[in-house]
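Below, read A as the first sequence line, B as the second, and so on, with proteins coming before strands; counting in each chain starts at 1. The figures here come from the full heavy-atom set of this structure, side chains too, leaving out hydrogens, waters and symmetry mates.
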2 protein chains.
Amino acid sequence: MASKKRLSSDERRALILTAAIAVFGAKGYVGTTTDDIARAADVSQPYVVRLFGTKEQLFLAALDETLRLLFEAFERGAGAGLDDEIEARMGHEYIGLLTVRGLHQTLSHAFLLGSHPVIGPRARDGFARVWAYLRDLGFPAERAQAFLAQGMMLNTMIGLRLADAAEVDPRITDLFAACFPTEKATVLALAPRVDEPW
Amino acid sequence: MASKKRLSSDERRALILTAAIAVFGAKGYVGTTTDDIARAADVSQPYVVRLFGTKEQLFLAALDETLRLLFEAFERGAGAGLDDEIEARMGHEYIGLLTVRGLHQTLSHAFLLGSHPVIGPRARDGFARVWAYLRDLGFPAERAQAFLAQGMMLNTMIGLRLADAAEVDPRITDLFAACFPTEKATVLALAPRVDEPW
DNA sequence: GTCTATAAGACGATAGAC
DNA sequence: GTCTATCGTCTTATAGAC
């Protein structure tokens, strides 16, 4: 059993944030305990609280990091080309974010916290920034709208953990084929499964 | 102060179920206490547990009722006409369900509980039934997919409580106009607001 | 049909040591 | 930088009365 290394505060924070996105994504803001995250990051529960102040601040940090990774991915996808090409590349990047465990679901959970006095405003601002980003990129309103809607659909299918069902339930096979005409295999390969705790 | 009437078990169950959809929608499965629902329904907390067994079973009952109302609305919207007409009517009915407090958000929360051992399977089945309903109605896969995606988008905007922001934030005004070209006024009139507890 | 009282457990946060 | 111990609170569910 390897003994644990003493890390710098920043390194430890980064590890805990990664764990937080995974666990918050799987169990939601309220459903996640600071101890869940501590165990996922292999540190003690009080230390998580010590580093981030409160569970609420930890969630805000996880949301910020999630949005940072999202815009980073969008930046990679944006660039020269026709609208169709840009949209395809950005969709591809968004699917690629499935390698960040819990990212899509952390977004979904944040977007359901609209009535939370502290998290709600931050979540609304994040969503509005995504919208503004697409529009500033030159997406016409209707296209931006459809692109976002597809993203919410992917989030939902991930949150439902529908991927295993795609292999046994013909309805779900049909659904995946319709949603991801070109990237079905990638999505099925990267999507979290029912039996994964996170 | 009006004294409370003694109701039949079925009447009381129906009242509690309505309250449960509203509160679960606003605060989520884990974030809602049985006491929250009891107070919203004006009964004692142990009585809620008595009538529904456990909080988990109560959530399942609320989800069932939510899906029942959803299919009932779809049935009203379906019927004769071109695909475009049917889709417009069904979208209209789905927006009309905003009069049922918490319905869209209860769906969203259920759809994020994919890793829950009991609720997860029921949520997946509900989603698959919605998909199958659209396909059986004759929707081509691509159209059914886009329709569902728009629904997820509406759910997200409701969960975020974006409606107030539409009146002050130009980004959000633009977003609402793009998402609801014909029904923006209805959505804004029916959407829950930030300051509503549920 | 409905309530009050309460047991039993889980959780966030603090204190303080190393 | 990181841990152990622990307090106080909240929450589900049960017991039992009316």
Side-chain angles (χ1 to χ4, degrees), chain A residues 1-20 22-24 26-63 109 113 115-119 197-198, chain B residues 1-20 22-24 26-63 109 113 115-119 197-198:
Chain A
M1 182 152 58
S3 78
K4 221 162 61 188
K5 212 182 142 196
R6 191 185 171 94
L7 299 181
S8 80
S9 187
D10 279 353
E11 288 170 313
R12 192 60 84 187
R13 276 182 70 97
L15 289 176
I16 293 175
L17 262 189
T18 300
V23 183
F24 277 134
K27 323 218 310 182
Y29 173 58
V30 190
T32 295
T33 69
T34 52
D35 192 48
D36 288 334
I37 294 168
R39 276 184 280 105
D42 196 28
V43 294
S44 71
Q45 178 267 335
Y47 191 43
V48 170
V49 175
R50 170 85 90 170
L51 280 185
F52 288 89
T54 64
K55 175 176 157 178
E56 183 179 290
Q57 288 176 287
L58 173 53
F59 186 81
L60 290 176
L63 176 57
H109 276 113
L113 288 169
S115 54
H116 189 288
V118 176
I119 301 173
W198 50 73
Chain B
M1 179 153 59
S3 79
K4 220 163 59 186
K5 213 182 141 195
R6 190 188 173 93
L7 299 182
S8 80
S9 187
D10 281 353
E11 288 171 312
R12 191 62 81 186
R13 276 182 70 96
L15 289 176
I16 293 176
L17 223 38
T18 299
V23 183
F24 277 134
K27 321 216 311 182
Y29 173 58
V30 190
T32 296
T33 69
T34 53
D35 193 48
D36 287 335
I37 295 168
R39 275 185 279 105
D42 197 28
V43 294
S44 71
Q45 178 267 332
Y47 191 43
V48 170
V49 174
R50 170 87 99 182
L51 280 185
F52 287 89
T54 64
K55 176 176 155 178
E56 183 179 291
Q57 288 177 288
L58 173 53
F59 186 81
L60 291 176
L63 176 57
H109 276 113
L113 288 170
S115 54
H116 188 289
V118 176
I119 301 173
W198 51 70

Separation of B:R12 CZ from B:L51 CG (nearest 0.5 Å): 8.5 Å
Which residues pass the side-chain hydrogen bond (donor to acceptor under 3.5 Å, both in side chains) test with A:E11, sequence neighbours left out? A:S8
Rounded (10°) bend between the five-pair end axes of the helix from C:dG1-D:dC18 to C:dC18-D:dG1: 10°
Among all residues two or more places apart in sequence or in another chain, which pass the side chain to side chain contact (heavy atoms under 4.5 Å, CB included) test with A:D42? A:K4
Side chain to side chain contact (heavy atoms under 4.5 Å, CB included) partners of A:S115, counting only residues at least two apart: B:R161
Using ring-ring contact (aromatic ring centres under 6.0 Å, His included) as the criterion, list what pairs up with B:F59, not counting sequence neighbours. B:F24, B:Y29
Contact string for nucleotides 4-15 of chain D, one letter per nucleotide 5' to 3', B = base within protein heavy-atom range under 4.0 Å, S = sugar-phosphate only, - = neither, reads BB-----SBBB-
Taking all non-hydrogen atoms of both residues, which atom of A:A41 and which atom of A:I16 are closest, and how far apart? CB-CG1, 3.9 Å
Can you tell me how far apart CD1 (A:I119) and CG (A:L63) are? Round to the nearest 0.5 Å. 8.0 Å
The criterion is side chain to side chain contact (heavy atoms under 4.5 Å, CB included); which residues satisfy it with A:T18, sequence neighbours excluded? none
Taken in chain and number order and not counting sequence neighbours, the residues that satisfy side chain to side chain contact (heavy atoms under 4.5 Å, CB included) with B:A38 are B:D35, B:V43, B:Q45, B:V48
Taking only residues two or more places apart in sequence or in another chain, which ones pass salt bridge (charged side-chain N to carboxylate O under 4.0 Å, His left out) with A:R50? none
Have a look at B:L7 and say if it touches a base, only the backbone sugar-phosphate, or nothing, with a 4.0 Å heavy-atom cut-off. sugar-phosphate
Contact interval (first through last nucleotide) of DNA chain C with protein chain B, 4.0 Å heavy-atom: C:dG1 to C:dA5
